[in-house]
Amino acid sequence: MRVIVLLVKTNSSFLKIVRTFLTFFVVLIFSAQVNAIEVLGPQPDYLNIAPTTKFANHESVEYAHFVPNLNDGFIPQGIEKLGSKIVLSGYQKVGQFNQCFLFVSKLGTSNFERKNIKRCHHGGGLSLISKQSLLLSDTRRLFVLRSSDLSVIHEVKLTGKLRGSFAVVRDGQLYLGTYAQNEADALMYQFNLSDVLNQYSLSEKQSIRSISIPLKAQGADFDNNGNLWLTSNAKSHGWLMKMNDDFVVTDKFKLVRGLEDIDVVGDNIWLVSESGAKPYQSWPQLFPAYFRVALSKLSN
C-alpha cells in the first residue's frame, strides 16, 4: 500500500514537471514565431538553411521579400517604391563582366519582370525624378529611365572624381554620393537637376557644393523633414544613419549586414540587403531581401 501511494505521488510530481516544461516550450516557440521575420517569396536553392530573421532592430521590419534571380548570382544594390510596385537594381556576372539588371514587381507578389541596362555594370542606386521618370546611378554613368517601362531615355557620363555609388533627387536637386573608405573622398555632390538632364557629361566641377558624408556610405534618401538617411556596413551589422539639414549625424541604428540603397516613404524606409546573395553566402547573416522598416520602431 505504501509503495502504491509513493508511486502516485511520484507520478503526480513528474506530470507537473512535464506540464510545466511543455507550457514553457510552447510559449518559447510561439514567441519565436511572433518575433521572427517572415520572408516572402521563393528562397534561393543554394541557401540550405533559413535566412537570418533575428538581428538588431528586426522588430522594426514589417515586410520582407526575397530578392529575385539570386540563384543566377544577382546582387541587389538599388531600390525604389513606385506606387504599388517595387523596383530593384543590381548586377550579376555575365561571362567575364558584370551586367546591370532591373527587376520590377507588384508588391506582395513574386512575379518579377527583368530589364537589362546596357553600358551599366553596377546599378548602385535608384531615385524618383517625377511620376514619369526615374534615375539609375552607375559607377561612371547616370541613366534616366521612363517610369512606365524602365526604358533608357537619357544618359550622362560621369567624369573626374564623380562616382555614382548612389543618387538622391529632391526639390529639383541631384545629390550624387561616393562610397569611400577615406574622409577626403567620402563626399556627396549637389547639382541642379535641370542642368544635369540637359547634359551628356558631368564632373564635380559643375556641382553647387560637396557635402561630407560617413565612410562607406551605400545608399541615401531624404525624409519629408529634410533629414538625410544613409546606410553603411560593419563586419557584424549594418548601419542606418540619420543626418540633420546641416548634414550632421544625429542618430544611428543597427540593422542586418549588407545594407545598400534605401527609399524613404512617409514614416517607413524601404531597404535592400545583399547579405546572403550567392557570392556572400558564407557571411554570418543571410538576408538577401528587400524590406520595409517602421521608423517609429527603431531603437538605439
Student: Compute whether any side-chain donor of one residue and acceptor of the other, for H65 and S110, lie under 3.5 angstrom apart.
Tutor: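 There is such a pair (donor and acceptor under 3.5 Å, judged by atom type) between the side chains of H65 and S110.
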Student: Show every donor-acceptor pair shorter than 3.5 Å between a side-chain atom in residues 203-210 and any protein atom, with sequence neighbours excluded, or say none if there are none.
Tutor:
{"from": "S203", "atom 1": "OG", "to": "K205", "atom 2": "N", "distance (Å)": "3.3"}
{"from": "E204", "atom 1": "OE1", "to": "K161", "atom 2": "N", "distance (Å)": "2.9"}
{"from": "Q206", "atom 1": "OE1", "to": "S203", "atom 2": "N", "distance (Å)": "2.8"}
{"from": "Q206", "atom 1": "NE2", "to": "Q199", "atom 2": "OE1", "distance (Å)": "2.5"}
{"from": "S207", "atom 1": "OG", "to": "E204", "atom 2": "O", "distance (Å)": "2.7"}
{"from": "R209", "atom 1": "NE", "to": "Q190", "atom 2": "OE1", "distance (Å)": "2.6"}
{"from": "R209", "atom 1": "NH2", "to": "Q190", "atom 2": "OE1", "distance (Å)": "3.2"}

Student: Centroid separation under 6.0 Å, is that true for the rings of F55 and F287?
Tutor: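 Yes, the ring of F287 comes within the 6.0 Å limit of the ring of F55, centre to centre.
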Student: Does any donor atom in the side chain of Q77 or E274 lie under 3.5 Å from an acceptor atom in the other side chain?
Tutor: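 Yes, side-chain donor-acceptor contact under 3.5 Å.
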Student: Would you please name every residue forming a side-chain contact (heavy atoms from CB on, under 4.5 Å) with S60, sequence neighbours left out?
Tutor: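 Once residues adjacent in sequence are excluded, the partners of S60 under the side-chain contact (heavy atoms from CB on, under 4.5 Å) criterion are N57, L255, V293, K297, L298.
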Student: Verify the ring-centre separation between F166 and Y179: is it less than 6.0 angstrom?
Tutor: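 Not close enough - the centres of the two rings lie 6.0 Å or further apart.
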Student: Taking the ring of H154 and the ring of F143, is the distance between their centroids below 6.0 Å?
Tutor: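 Centroid distance F143-H154: not below 6.0 Å, so no.
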Student: For the pair S275 (side chain) and G258 (backbone), establish whether a donor and an acceptor sit closer than 3.5 Å, ignoring hydrogens and angles.
Tutor: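 Answer holds: no.
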Student: Give a yes or no on whether K254 atom NZ has more than 12 heavy-atom contacts from other residues, nucleotides or ligands under 6.0 Å away.
Tutor: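 No, not enclosed.
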Student: Can you tell me how far CG of L176 sits from CD1 of I211, rounded to the nearest 0.5 angstrom?
Tutor: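 Going from the CD1 atom of I211 to the CG atom of L176 covers 11.5 Å.
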Student: Determine the sole option in F112, Y280, F103 for which the ring pair (Phe, Tyr, Trp, His ring centres under 6.0 Å) test with F74 is passed.
Tutor: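 Only match with F74 under ring pair (Phe, Tyr, Trp, His ring centres under 6.0 Å): F103.
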Student: Could you go step by step and tell me if L174 and L135 meet the side chain to side chain contact (heavy atoms under 4.5 Å, CB included) rule?
Tutor: CA-CA 10 Å; L174 167 65; L135 188 72; 3.5 Å; yes
Student: So if I apply the side-chain hydrogen bond (donor to acceptor under 3.5 Å, both in side chains) rule between Q92 and each of N69, N98, D72, which one comes out positive?
Tutor: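 Among N69, N98, D72, the one meeting side-chain hydrogen bond (donor to acceptor under 3.5 Å, both in side chains) with Q92 is N69.
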Student: Got a second to check how far S165's OG is from L187's CG, nearest 0.5 Å?
Tutor: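 It comes to 11.0 Å.
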